[in-house]
**Student:** 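Here you go, one structure.
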Amino acid sequence: MQQFDKLYLLRRELLRKKLAKVEALHKWKVGSAGFQPARDAPKLAEAGAWHGRQGGLKRAAIKPPTAPNIPPPRPGATFTVPSAPFFDPTLLTCGLKTRFTWPHPPLVFAMSIARSTVQQLLATPADHLDREVLAKGWVRARRGNKYVQFIALNDGSCLANLQVVAAAEHFSDEALTGVANGAAVAVRGRLVASQGKGQAVEIQATEITLYGGADQETYPLQTKQHSLEFLREQAHLRPRTNTFGAVLRVRHALAYGIHKYFNDNGFYYVHTPIVTGSDAEGAGQMFRVTTLAPEHPPRTADGSVDYSEDFFGKATNLTVSGQLEAEIAAMALGKVYTFGPTFRAENSNTARHLAEFWMIEPEVAFNELPENMNLAEDFLRSLVRYALEHCAADLAFLAEHYDKDLLERLRFVADTDFERLTYTAAIEILKSAKKKFEFPVDWGTDLQSEHERYLVEQHFKKPVILTNYPKEIKAFYMKLDEDGRTVRAMDVLFPGIGEIIGGSQREEDLGKLKARMAEMHVPEEELWWYLELRKYGTAPHAGFGLGFERLVLFVTGMANIRDVIPFPRYPKNAAF
RNA sequence: GCUUCCUUAGCUCAGCCGGUUAGAGCAUCUGACUGUUAAUCAGAGGGUCCCUGGUUCGAGCCCAGGAGGGAGCGCCA
């Protein structure tokens, strides 16, 4: 009996599905013909926004049923469509009518009005004005009198604010309560040519909705300039300022430009690990990663911490460089780059260092030092050009407020060949310089900041690439020169920044690499896989590291690296 | 890690040789003003002078220690 019931229900369900399918075949459909500009229906233009793909008009063709055994409809047949608001071009009326006579021209649907960004609204051509729009953002300033109020609206899409005009005839004082500096609002109204000076367009508001107010007694940001030090303590709110909006948009453009440059030039983006089991990357102090209890870690017989008990079964750290792993990828994919976070547990207290920063590390198989220099120079100049092209308004703002010569300097770097010379030649120049240095200049010691600055800012007056440093002051993996004294290293020095790129041709000879590791006390066991790259199919290759924030620092003209990353990490500071 | 400077109203800063009730601009609040745009004008409120101790008849100011911040240097990207 039970089984019979089950079978009955199953057959009923199948029948229902079949009927639904037949019904669907007989249905008239409203096709989607894409979005059409307002010219298709001048009357409905009133209701739609011009901007973007949203909020506009949708023209939809009528599609009769197309099932194989159904004859095509005869002229005069009636049909129904879903009862959405639409515009009937044959009648020049709007409505919710659902019955039509075949054949029928396409219907025009008014889409619900959607938000436009301030950037889109400000870029509206003059012949597309006088339309209803919806903007959402944060109030930057409100001023006016009892007849008319002006609200500067910013939504982060660009530096500029949109002026919202709220006339007293539409808005009482109470209606604008809370619409003050810092508040989030939605504004509906007509986008028109501005009556005032200072902006091309403005919104004559018809409706202002307050999402969230901001208590004027306690809101930290005011309609005036704040010091960068103060804003550093307000890292959760500083993106709402002109300065940090501009910096963050430039930062984004540079990040995108980096991926674009490499993609356009046949590089593959490889993701190197953030947690690393090797502590021999040779680039500085590392942050330990562990799940062991800090108070009572397990200990071995000799009393040291027993990392075999740890999460990974060994001691692990945050990466200081993706270079060694990038070399693995380069020896397979040819041209690769990494772009990821990097960590240095060094007690560096300067305006050019962070404990957590982003680094770009290209690595190219078969490249030698000259090709490496060409890549670094072309890469940097392309990025500066990209920023000049895509961030004009933001860079102009930063130039005006922080660095008068910014645009001039960026254009200069974009257009000028870098000076290339060896470390040895640089030492000669410094020794014969009239300037007195605090630190002595001697072949074999690393150059001090003052020496680098002299070369870049006073002697050559342009970016400089220094090459062939003494082997003692450079990392173990750099290729030894024929003289056995220097290595094929290169540092790119920029005005105001100092070292922006450090790179080299890598040692591809297994024997020489092992000898260098022994000299510099780098344990071979840890890097057995790195050595195997030289054991199997070794080839010349080269690469470099670019500190992303140093690039942003240079392009924005900001003075402190803590102001070009949203949440800076530096000694004694990990707030936010 | 080293050197050096700074800490006074919500913000940016004055504050003389140690002297009576600590000031300005901006911001906030109230009012005025028919299109402002760093709006303007008038008025009002707003202070643990970073903290602790000391010197002194008397300390925002001098001394010692501590905390926080900036700049420069080192390490580097």
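Note that the structure is predicted; figures quoted are calculated from it, not measured. Lettering follows sequence order; numbering is per chain, from 1.
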**Student:** How would nucleotides 2-9 of chain B be written as a contact map, 5' to 3', with B for base contact, S for sugar-phosphate-only contact and - for no contact, using protein heavy atoms under 4.0 Å?
**Tutor:** --------
**Student:** Taking the six-membered ring of A:Y570, is NZ or CZ of A:R562 closer than 6.0 Å to its centre and within 45° of its axis?
**Tutor:**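 Yes, a cation-pi geometry.
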**Student:** Would you tell me whether A:K260 and A:Y386 have side-chain atoms, one donor and one acceptor, within less than 3.5 Å of each other?
**Tutor:**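 Result is no, nothing qualifies.
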**Student:** Pick base, sugar-phosphate or nothing for A:I500, based on heavy-atom distances below 4.0 Å to the nucleic acid.
**Tutor:**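 Since only primed, P, OP1 and OP2 atoms lie under 4.0 Å of A:I500, the category is sugar-phosphate.
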**Student:** Applying a 4.0 Å non-hydrogen cut-off, can you work out what A:T342 is touching in the nucleic acid: base, sugar-phosphate, or nothing?
**Tutor:**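 Touches nothing.
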**Student:** Tell me whether the centres of the aromatic rings in A:F460 and A:F418 are closer together than 6.0 Å.
**Tutor:**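 No, ring centres 6.0 Å or more apart.
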**Student:** Taking atom C1' in both B:U4 and B:A9, what distance in whole Å separates the two?
**Tutor:**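 B:U4 and B:A9 have their C1' atoms separated by 29 Å.
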**Student:** Any donor-acceptor pair under 3.5 Å linking the side-chain atoms of A:E327 with those of A:Y477?
**Tutor:**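 Their side chains do not contain a donor-acceptor pair, so the 3.5 Å distance test is not met.
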**Student:** Looking for any heavy atom pair under 4.0 Å, which part of the strands does A:G196 touch: base, sugar-phosphate only, or nothing?
**Tutor:**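 Result for A:G196 = base.
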**Student:** Is the glycosidic angle of B:C57 within 90° of 0, making it syn, or outside that range, making it anti?
**Tutor:**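 For B:C57, whose glycosidic angle is more than 90° from 0, the conformation is anti.
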**Student:** What integer number of Å spans the C1' atoms of B:C5 and B:G10?
**Tutor:**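 Nearest-Å result for B:C5 against B:G10 at atom C1': 25 Å.
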**Student:** Nearest to the A:Y570 side chain among B:C76, B:U28, B:G70, which nucleotide is it?
**Tutor:**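 In terms of side-chain proximity for A:Y570, the closest of B:C76, B:U28, B:G70 is B:G70.
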**Student:** With a 4.0 Å cut-off on heavy atoms, is A:Q234 in touch with a base, just the backbone sugar-phosphate, or nothing at all?
**Tutor:**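 It contacts nothing in the nucleic acid.
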**Student:** Could you provide the dot-bracket string of RNA chain B, using ( ) for intrastrand pairs, [ ] for crossing pairs and | for bases paired to another strand, with Watson-Crick or G-U pairs below 3.5 Å?
**Tutor:** (((((((..((((.....[...)))).(((((.......))))).....(((((..]....))))))))))))....
**Student:** Which residue, A:F150 or A:A351, contacts RNA chain B at a nucleotide closer to its 5' end, judged by nearest heavy atom?
**Tutor:**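 Upstream on the strand: A:F150.
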**Student:** Are the aromatic rings of A:F262 and A:Y269 close, with centres under 6.0 Å apart?
**Tutor:**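 Not under 6.0 Å, so no.
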**Student:** What does A:G144 touch in the nucleic acid at a heavy-atom separation under 4.0 angstrom: a base, only the sugar-phosphate, or nothing?
**Tutor:**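 Contact class for A:G144: base.
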**Student:** Considering only nitrogen or oxygen atoms on both sides, find all protein atoms under 3.5 Å from nucleotides 12-14 of chain B and state each distance.
**Tutor:**
unit_1	atom_1	unit_2	atom_2	d
B:U12	OP1	A:S227	OG	3.0

**Student:** Say we look at B:G15 and B:C62: how far apart would their P atoms be, to the nearest angstrom?
**Tutor:**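 Pairwise P distance, B:G15 against B:C62, rounds to 12 Å.
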**Student:** Reckon A:T350 touches a base, only the sugar-phosphate, or nothing at all at heavy-atom distances under 4.0 Å?
**Tutor:**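 Base contact.
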**Student:** I'd like the P distance from B:G19 over to B:A59, given in whole Å.
**Tutor:**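 These two P atoms come out 11 Å apart once rounded.
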**Student:** Would you say a side-chain N or O of A:S449 is under 4.0 Å from OP1 or OP2 of B:G74?
**Tutor:**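 Yes.
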**Student:** Which is true for A:E361 with a 4.0 Å heavy-atom rule: it touches a base, it touches only sugar-phosphate, or it touches nothing?
**Tutor:**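 The answer is nothing, as A:E361 stays clear of every strand by at least 4.0 Å.
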**Student:** Taking only the P atom of each, what is the distance from B:U30 to B:U12 in whole angstrom?
**Tutor:**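 Their P atoms lie roughly 25 Å apart.
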**Student:** Would you tell me if any nitrogen or oxygen in the side chain of A:N145 comes within less than 4.0 Å of OP1 or OP2 on B:G35?
**Tutor:**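 Checking A:N145 against B:G35: at least one side-chain N or O falls below 4.0 Å of OP1 or OP2.
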**Student:** With heavy atoms under 4.0 Å as the rule, sort A:I501 into base, sugar-phosphate or nothing.
**Tutor:**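 Result for A:I501 = sugar-phosphate.
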**Student:** Which part of the nucleic acid does A:Q222 contact within heavy-atom distance under 4.0 Å: base, sugar-phosphate only, or nothing?
**Tutor:**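 The residue A:Q222 makes base contact.
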**Student:** Does the pair A:R453/A:E450 count as a salt bridge with the N-to-O cut at 4.0 Å?
**Tutor:**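 So A:R453 does not pair with A:E450 through a salt bridge.
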**Student:** I want to check one thing: is the phosphate of B:U34, taken as OP1 and OP2, less than 4.0 Å away from some side-chain N or O of A:K146?
**Tutor:**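 Negative; the distance criterion is not met.
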**Student:** In this structure, is the centre-to-centre distance between the rings of A:H451 and A:F439 below 6.0 Å?
**Tutor:**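 No, too far apart.
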**Student:** So, do A:F548 and B:A77 meet the stacking rule of ring centres under 5.5 Å and planes under 30°?
**Tutor:**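 Here A:F548 fails the 5.5 Å or the 30° condition.
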**Student:** At 4.0 Å (heavy atoms only), tell me whether A:Q163 reaches a base, stays on the sugar-phosphate, or touches nothing.
**Tutor:**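 Counting heavy atoms under 4.0 Å across all strands, the contact made by A:Q163 includes a base.
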